[in-house]
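Structure record follows, encoded as structure tokens.
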Amino acid sequence: MTDDAVLSGGCLCGAIRFEVTPPTKWCAHCHCSLCRRAHGAAFVTWFGVESSQFAVIAGERGLKWYRSSEAARRGFCARCGSTLFFESDSWPGEIHIALAHMDGPIDRAPAAHVFYDSRASWVEVGDALRCLGGPSGNEELDPG
Ligand SMILES: [Zn+2]
Ligand SMILES: [Zn+2]
């Protein structure tokens, strides 16, 4: 893959297809309770990209948005329920995409665990990535 190759992804049923033009901005595992519940998963691996580098190329009518907090909304497929996208006033002009919906690897690997202090009690992470948390979800945590 060349660095500027367009990345593609889609939902479970295939109705919604989208493309991302690299470079992406970041990639991280989010352990916040909202992501956990929205995706029905232990944590969600997101990457961020400028909205101008993102395009829905099929199934846009089936893309529904749920306002999960005052500042944020989550995009999902109305047909199969796949939880695809996240946008927040905290990151204007940026869209967050769940990495698991991509057809292949992107231009970077996950770099950290965020909101790690909100993680499910039954989750233990064994990799070497930084574990961040605090009010922003992105601050160094005191060891122990
Ligand atoms: Zn779908
Ligand atoms: Zn989250």
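Side chains included, hydrogens not; waters and symmetry mates left out as well; all remaining heavy atoms used. Just so you know, ligand 1 is whichever comes first in the structure, and atom 1 is the first atom listed for that ligand.
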task: Assess Cys30: does it contribute an N, O or S atom lying under 2.8 Å from the Zn ion (ligand 2)?
output: yes
message: When you compare the side chain of Cys35 with that of Arg74, does any pair of heavy atoms fall below 4.5 Å?
response: yes
field: Close aromatic pair by centroid cut-off 6.0 Å: Tyr116 and His31
entry: yes
query: Shared ILVMFWY cluster between Phe43 and Trp46, side chains joined below 4.5 angstrom?
result: no
- line: Rounded to the nearest 0.5 angstrom, the OG-CZ distance for Ser121 and Arg119 is 9.5 Å
- request: Please step through ring pair (Phe, Tyr, Trp, His ring centres under 6.0 Å) for the pair Phe54 and Phe85, ending with a clear verdict.
  value: CA-CA 11 Å; Phe54 164 83; Phe85 310 126; 5.0 Å; yes
- prompt: Sub-3.5 Å donor-acceptor pair from the side chain of His101 to the main-chain atoms of Thr83, do we have one?
  reply: yes
Protein N, O or S atoms under 2.8 Å from the Zn ion (ligand 1): 4
